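Residue numbering restarts at 1 for every chain, and letters A, B, ... go by the order of the sequence lines. Source: prediction; values computed, not measured.
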There are 2 protein chains.
Amino acid sequence: MPRTQEQYEAMRTATRNKIHSAAIKLFAKKGFAAASVKDIAENAGISIGLMYRHYKTKGDLFNELISYAAEGLEAIVTRFQSDESPIELIRQFTLEILDDLNNDDEIAEFYMLMNQSLSMEEPSFQIQDLNKQSDAMLNQTIRLIEKGQKYNQFKQGNASEMAFYFLASIQGLMMIKLTMGERFETPSLKIVTGFLIRDGHD
Amino acid sequence: MPRTQEQYEAMRTATRNKIHSAAIKLFAKKGFAAASVKDIAENAGISIGLMYRHYKTKGDLFNELISYAAEGLEAIVTRFQSDESPIELIRQFTLEILDDLNNDDEIAEFYMLMNQSLSMEEPSFQIQDLNKQSDAMLNQTIRLIEKGQKYNQFKQGNASEMAFYFLASIQGLMMIKLTMGERFETPSLKIVTGFLIRDGHD
DNA sequence: ATAATGAATGAATATATTTTCATTATAAAA
DNA sequence: TTTTATAATGAAAATATATTCATTCATTAT
């Protein structure tokens with residue numbers, strides 16, 4: 001008998017991870033269509049053939065990443081629905097985002113996938129699911145802002161507009177972080193939540 | 001003799017306009033690689049062959065749009081360098097952006113082109129020029145914020161961070177506007193400039 | 001009517017990208 | 001050293017997309 005099950009398993013996991021890292025980086029930076037399979041394989045340091053041993057098509061690989069993104073987003077939506085104080089929820093969420101930005105986690109890349117999936121024709125069911133989560137995220141953000149306004153933690157104003165602005169600013173930060181790389185400077189919590197959190201509360 | 005010079009000229013201009021509208025819409029929405037020539041021609045209501053009578057390659061068409069974007073951006077950079085009051089410059093600029101967003105002008109589309117061109121390998125000289133303008137825009141925004149802080153029109157804080165945040169929020173609004181379409185609600189000037197403009201000044 | 005001019009078409013060709021698959025490499029056990 | 005199970009390779013086939021070009025169409029002056 002050759003290698004053990006565990007050894008093979010470990011090998012497969014290792015190459016899968018290499019593929020993931022390369023793919024998310026390239027899909028985020030160039031978009032699904034512009035990121036070629038050759039590109040991804042080269043970045044992952046493997047052959048094209050091996051890629052196809054792990055994923056039936058390029059689309060399947062994309063879908064797997066999309067479903068990770070959907071999971072992450074779902075967790076956030078769930079937290080937004082909890083009974084915690086709106087101001088604390090927003091603060092924690094924003095801090096985590098800014099932290100991930102600073103630590104070069106893959107958060108920016110995942111956000112770019114999210115965005116791409118919103119304008120794809122013939123979306124896979126994974127993409128459809130992610131899009132549902134994006135929608136839920138928007139709705140829960142609006143709800144949370146309204147709640148915070150009721151508690152007088154947040155500034156008054158049109159909650160929908162505020163939610164669009166909040167999510168847009170985060171999305172924009174991800175985008176600029178990706179395109180600028182090193183030069184990017186993560187703004188402070190105060191700057192990012194200033195439009196929302198009342199002055200007494202920060 | 002057949003048609004007059006002017007008539008031919010008018011015909012060519014008309015189809016060029018059709019190509020422009022279709023191309024900017026599709027390039028912005030799907031990205032350069034994912035927007036196919038067939039797509040663009042169909043959207044413009046013309047044949048593929050006619051497209052190629054007007055542009056030698058798909059890249060040439062993209063470059064022409066990019067150079068328009070660069071022109072627009074250059075005008076903004078120049079205005080930011082004027083002697084006008086920082087608070088007025090920022091207000092005017094932001095109002096124009098928000099206005100364009102409301103009127104479904106092509107502004108959002110142009111911003112997406114800008115972003116794409118920042119992460120293209122082997123950039124054409126048009127793309128390189130646009131990227132230079134993007135860089136200048138960032139620098140002038142930082143300068144303008146510092147100036148406004150000196151005049152006590154703007155809130156204190158790290159000017160670079162504030163500039164990144166400001167540009168990111170605008171970029172993000174464009175992006176979300178494009179993906180959400182009808183549902184999008186343009187935030188007010190107050191929301192968008194709240195992090196920057198001191199309370200006395202609005 | 002016909003000729004002349006340039007716009008417009010789309011099937012054919014060239015090119016690029018994705019996908020397959022026959023083959024090779026690797027490590028462990030017999 | 002041979003066998004075995006599976007990972008890994010990359011050239012070839014299939015597919016998709018960009019580009020070319022011979023042909024048709026539309027309009028106007030003769």
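Using the six-membered ring where Trp is involved, B:Tyr55 and B:His20 have ring planes that are tilted, between 30° and 60° apart.
If you take CZ of A:Arg53 and C1' of C:dA22, they are 13 Å apart, rounded to a whole angstrom. The distance between atom NE2 of A:His54 and atom P of D:dA7, rounded to the nearest whole Å, is 7 Å. Taking atom CD1 on A:Ile19 and atom P on C:dT18, their separation rounds to 14 Å, with Å as the unit. For the pair A:Phe62 CZ and C:dT18 P, the computed distance is 14 Å after rounding to whole Å.
When each of B:Gln5 and B:Ile48 is assigned the nucleotide of DNA chain C bearing its nearest heavy atom, the one mapping closer to the 5' terminus is B:Gln5. Nearer the 5' end of DNA chain D, as judged by each residue's closest nucleotide, is the contact made by A:Met51, out of A:Met51 and B:Tyr8.
Side-chain N or O atoms of B:Lys177 include one that pairs as donor or acceptor with a backbone N or O of B:Leu101 at under 3.5 Å.
When each of C:dA8, C:dT19, D:dA18 is scored by its nearest atom to the side-chain atoms of B:Ser36, the top-ranked nucleotide is D:dA18.
Among B:Glu84, B:Glu88, B:Glu96, B:Glu74, the single residue meeting the salt bridge (Lys or Arg N to Asp or Glu O under 4.0 Å) criterion with B:Arg79 is B:Glu96.
Note on A:Arg12: every side-chain N or O is 4.0 Å or more away from OP1 and OP2 of D:dT6. The phosphate of C:dT20 has neither OP1 nor OP2 within less than 4.0 Å of any side-chain N or O from A:Tyr52. Contact annotation: A:Gln7 reaches the phosphate of C:dA28 (side-chain N/O to OP1 or OP2, under 4.0 Å). Residue A:Arg3 places none of its side-chain N or O atoms closer than 4.0 Å to OP1 or OP2 of D:dA5.
The base-pairing partner of C:dT23, taking Watson-Crick or G-U wobble contacts with both distances under 3.5 Å, is D:dA8.
Across all strands shown, B:Thr4 has no heavy atoms under 4.0 Å from either base or sugar-phosphate atoms.
No donor-acceptor contact under 3.5 angstrom links the side chains of B:Thr186 and A:Glu161, judged on distance only.
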